[in-house]
Each structure stands twice: as C-alpha cells, then as structure tokens.
Amino acid sequence: MAIPPYKAPSRNAYDIVIVGGAVIGSSTAYWLSQALGSGASILVVERDSSYEFSSTALSTSAIRQQYSNPINVKISQFGIEIIRGFQERMAPFYTNEPAPDLGFKEHGYLYCCSPEGVNAARERVELQRSLGAHTVFLEPGALKERFPWLNVDDLGGGSWGSREEGWFDSMGLLNGFRRAARASGVEYIDNAVTDLDVSEGRVVSARLSTGQTVRCGILVNAAGPRAQQVAAMAGLSIPVAPYKRYSFVFASANPIPGRMPNVIDLSGTFVRPEGELFLTGNTPQGDGPADYDDFEIHFEEFDDYIWPALWHRIPAFDALKLQTSWTGHYEYNMLDHNGIVGFHPQVTNFMFANGFSGHGLQQSPAVGRAVSELIVHGAFQTLDLSPFSYERIPRNEPFLEEAVI
Amino acid sequence: MSRVKTEPTSAPNFILGKMKLKILVPVKRVVDANVKVRVKADGLGVELANVKMAMNPFDEIAVEEAIRIKEAGKAEEIIVVSIGPLQAQETLRTALAMGADRAILVKTDEQTEPLGVAKVLKGVVEAEAPGLVILGKQAIDDDSNQTGQMLAALLGWAQGTFASKIVLEGDQAKVTREVDGGLQTVELKMPAIVTADLRLNQPRYASLPNIMKAKKKPLDEKSPADYGADVKPRLKVIKTEEPGGRKAGVKVKSVAELVEKLKNEAGVL
Ligand SMILES: Nc1ncnc2c1ncn2[C@@H]1O[C@H](COP(=O)(O)O)[C@@H](O)[C@H]1O
C-alpha cells in the first residue's frame, strides 16, 4: 500500500489542528466535532491514510476491565459502552448503508496467576468488581473445570472476566469516528507535519511537508508511536517510543472446545481464538525502543518463546502451524506505560494524547472524549483523567499500572 | 551410512519381505504460501528479504505419504533432501520433525532450476539407492512441474505424476493420478518416481516435542559437486510481473441490464 499523495489544506488557519488521524486523533476529532458543531474549524493531518503501519490497524484489538487502577477500569467500561452502541451511534453518518458493527467477541480475558500472586490477584478482582466489572477469581480446581484444556499445575488460580471483555474490529472503530468527524465538518488531509512554530508559550502554526503553514489555536499530538517526534517540534520531550510487538496467527492440529477466552499466561504470552485459528503474541525478548520504520518480524520469537509457553499452558497446542504474522508498534511510555493526556504547562495550547503503551485502541473512546472536554470546557466533565496529566513526566513520578501485557 | 557411488539401479534393495523400502523425498524451501509476494524493484524476481519461508506444500504432502507408508510397515527409512541455501536446513528439520529419519542438505546459493535439481537428485538416488522417490508435483515458487519428470527420464525409471493415491504391493506401486476430467490408475514397477498432488493426504503438523527430537536426527551437508552435478542456472528471468489488479465492479439497475452486460461485455451468456 502506497502512502496517498499529500494535499494542501483548504484554509491557512484552524481553531484546532490534530496531528495524527488514526484512532486517538479520530476519536478526538469526533468528540470535538460533536461538542463544537460546525462553529469550530478542525484539521486532522494524517501522514499515511492507508493506515498500513498505524498502531490502530496493527493492533490485536482487545479490550479488558482487568486493570489494577480504578481509572483504567472506568476508561474501559466507557470503551465497552461505545463499542456496544457503535452501530447506533454511527447510524446518522451512514445514511444509505449499514454503520459498522464492531464484531465484539465477548469471550473475556483469563489472567493466569502464580501461587505467589494469588493475594494481589484477589485484591485486583475485588477492586474491579467494586467498580462494576464481572471479574471472578477461580481456584485451580474451578479453573480446570471451566477450562479443561488449561494446565493449572503451576497456577494459584486465574482471574476471568466473564463479561464485557473481548476483542473487536479496530478499523471499524477508526473508520466510524473518522467518518462521523468528517460528516460533522472536520477536515482530514493526507500530509505530514514537519515542524511547529512556538512563540510566547504557544504553538502558533504547523508546517506541512507540502510547504504550507497553518496557524492553529490548539495543537493536539495524536501521533501514536511518533509522538516524541511531534513533541520535539515544539521543543518538548516525552518518554514515548515505538516498541515492536509481533502478532502470530496459527492453526492447531487439536481444536480447543468451548468459548475460549483471551488467555494471559504467566510468561506474558497471550493467546485467543480467531475463527478456527488462534492469535498469539508476547513481550518480545530484548524489548526496547525501535526505529520508527522497523517492522521486521522475528519468527524465533514464536518458535523459541511463544510456542513453548503455549504448549506448557495449553498442552493441546503441541502441533501448530504458523499462518500469518505481522509487526505493530506500541506507543510505549517508558516511565510508567500509561497514557499522557492534557496540556503542557508551559506550551499551553499543546495537548498530549500519547503513550498508551498498548491500550490506546481500547482507551480511545474515553481519551478522545476527555481531550475534547479539556479543550471545550477547560476541565474534565465526565471521567477525571488527571492522573494521566503531563506534570508527572518531568517530576518523574510514575503512575503505575500493574496489569500490563 | 555407506555411500556406494553407483549402485546398480536395476538391483533394488527393497524386495519386500527381505529388506524394506527406502524412500527419498526431495523438499524445497519456498516462500510461505500465506505470504503475499511482492515483485522486487528490478523486476527480476520477488522480494525475499524478511519474508517467511516454508516447505513447499506439495512436498509436505510427499513427506506425509512417505511417513504413512513407513507407519504401515512398508518402508524402513525416509531420507529427505533439499538443494538450496544453508537455511534450507530449517525445511529439512521440519520434515525430520514430521517423521523423516535423516536429511541431506545439498548446499548451493544458486537459484535452483528443475534440471539442475534433477541432476543432483540422480546423484543422491545413486548414492542412497531408494526404491521410491516421492516429490511434490510442483514447487509453488517457480510452478515448474518438471523436476520429477526430469529425474525419471535421467534415471530411466517409471513415473506416476499427480498422485492422489499410492498403494504398494510387492515391487509394484499402484498410483492413482489426477488427470483432466477424472482419475487414472497406473502400475509402476519399482524403483519408481511419484509426484504428489493436493488430495493425496492432509499432512500432519510437526509437534513441538518432535521438533525438539528432530534437532538430534542426522543432517548431512553435501555440495552439488559431491554428486557430480552442476546447478548453475540456465534460464534467464527477463521480467516478473504482479497479476493485474481486480477491476472495479459496476452496479446494474435492472435484470435486463445485467443480462445485457453478461452477454455483450462479459461474453458469458
Ligand atoms: N531445490 C530443490 N530441493 C529439493 N527438492 C526440489 C527442489 N526443487 C524442486 N524440488 C522437488 O521437485 C518438485 C517439483 O518442483 P518443480 O519442478 O520446480 O515444480 C518439488 O515439489 C520438490 O519435491
């Protein structure tokens, strides 16, 4: 897929310029357009609207409630609400055709838990339940009974989200937000922001790779794994870098009966059904920042690490065959693998929506809405996402999330 | 493993009941069938950098058939051979993990072509004296569908191509062939060459424990020169093109318009 030819913007000044038109940028554009109507001018600049390498397109597209932080649980709950009601919400923007159904597969997540981790896992389950999630903690016996194909010998149990967790169509979500935003007056252009002009604590304009300069009232950084490149254009710095994640789709000689959840092994390897096939991935060996254009895959990761882990946890996975695979990028926040949402304190019209570290897609509905609230009302109106504010970065105060995969 | 250079092919060592059959299966390392291939910028081939490679699917079927014959007690040893780069070892290891007994890598970095491969295989046959060679009907990278036939000609052996069924009885191989519009069964006197078609069997997946075990199975490395063969390419690729993209469809307004278009544009009515 080739990058579509770049186009010039239709105006030379916008109230809001969003850098990045994938799911975070498009959710933001959607919420802003619904809040502001056609009264505001909004430009979304997307460097590759084929989305071939975008994290949205390459995501494994799952959503869970099983977090250790209440705010992350609530963000996901809102995500579920949006996913469930998406078709209806989008219907006005799809007049002569059906709006996208996101194909939500509500199979749940099953987090395997080591014997040492039982207490912490039970606490997390309690926290999630107190917030309305349907997570349950299963002892090894109960776990085995429900999932007979699971090896529980070395487990202390598992926490299973029986409802409101699963996986869905990432591009459907992106396309819906994008279409709704455009229908509501947002302008999308194929182009790349190459530099920002900052003056007296404000981004005054963005320069485009086709040579134009557009003035902006507010600039939103929704550049995904390239977030730091955009921050640097304003002389700012965030500890966000692309981290490679490999996804492998395989066939198994032995089927797994029943409704298989997304299983998260102690090794950090996940596996879930994908039709008759299965999708798996892990935190690769030697994980660290990658080049922006490095999408090279390492098949050894599957052969030497993932498969042995899968076979240990699910002995029926002894005879497998790889079908397809791809590499995507996490926009990884190296401080605390949580998102950064909010204005910069000194460059006061520079908005971050970055660093979601692998939960960007599932958090995009809530993040887009939160960014819109900050811009429109100057404060959060619904979910308070202030724990994600930029201020913790220079203070080097991590806002930790224990449940990462 | 004694390697007698020119064992007379007229005196096969597989007379059933006395000594059992040895089966040779040539396997080629090709771009994985699931990969969407891209033509290289110079148009002289396809992009191989960082592309997943795998055993040619028809060769998996050939390996599977050899294993089933052995499991039925009708063969004693399965030897797999690949002519290709060092990485073709991985393909051979897969065949060993499926159940082959030993492997030979005939190492070359040349782009292999059917005639060169057939010449090497002739040398391997003379050295190993198999009673049956099962090849894939074609390699999915070059789609040549020539190697088995060339090998049969070079050896002067009987051949049964496009096999969908193989039955061994004494020194006879009954091979059901998939031919246009039906099936044909031929009886070959072994030693013989068979090429595997798609419906011959459903190859098994190599299991992880067997992949581990296969690491200890013997894998010899040879060169084409060891078999007195020259694999230098004789063919010159002039151009490689991607298939034409699908044309956009049209919406018809009525059945009459559809019929009209099918008749006059598509020419199918
Ligand atoms: N380089 C190779 N190494 C081993 N076997 C090969 C090689 N090339 C072709 N073959 C065998 O010959 C069959 C037919 O290949 P082809 O004539 O190239 O379509 C394949 O299915 C393999 O069994």
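Values reported hereafter were calculated over all heavy atoms of this structure, with side chains retained and with hydrogens, waters and symmetry mates removed. Keep in mind that this is a model prediction, so the values were computed, not measured. Naming: A, B, ... by sequence-line order, numbering from 1 per chain.
Within 6.0 Å of CD in A:Gln285 there are more than 12 heavy atoms belonging to other residues, nucleotides or ligands. Atom CD of A:Glu145 is surrounded by 12 or fewer heavy atoms from other residues, nucleotides or ligands within 6.0 Å. Environment of CZ in A:Arg146: sparse, with no more than 12 heavy atoms of neighbouring residues, nucleotides or ligands closer than 6.0 Å. Other residues, nucleotides and ligands contribute more than 12 heavy atoms inside 6.0 Å of the CD atom of B:Glu113. Residue B:Glu71 qualifies as enclosed at atom CD: its count of foreign heavy atoms under 6.0 Å is above 12. Heavy-atom contacts from other residues, nucleotides or ligands closer than 6.0 Å to NZ of A:Lys144 number more than 12.
Between A:Gln323 and B:Asp32, the shortest heavy-atom distance links the atoms O-OD1, 4.3 Å. Pairing each heavy atom of B:Asn50 with each of A:Glu296, the nearest pair is ND2-CG, 2.8 Å. Considering every non-hydrogen atom in both B:Tyr205 and A:Ala251, the closest pair reads OH-CB, 3.3 Å.
With a 4.5 angstrom heavy-atom cutoff, A:Ile297 touches chain B via backbone and side-chain atoms both. Heavy-atom distances place the side chain of B:Glu60, and not its backbone, under 4.5 Å from chain A. Both the backbone and the side chain of A:Trp307 come within contact range of chain B, with heavy atoms under 4.5 Å apart.
Atom-to-atom distance recorded for B:Ile211:CD1 and A:Asp303:CG is 7.0 Å, nearest 0.5 angstrom. In this structure, the separation between CG on A:Leu320 and CG on B:Leu208 is 8.0 Å, given to the nearest 0.5 Å.
Residues of residues 86-94 of chain B placed with any heavy atom under 4.5 Å of a heavy atom in chain A are absent; none qualify.
A distance-only check finds no donor-acceptor pair linking the side chain of B:Asn34 to the backbone of A:Thr324 [under 3.5 Å].
The closest side-chain heavy-atom distance from A:Trp311 to B:Ser207 is not below 4.5 Å.
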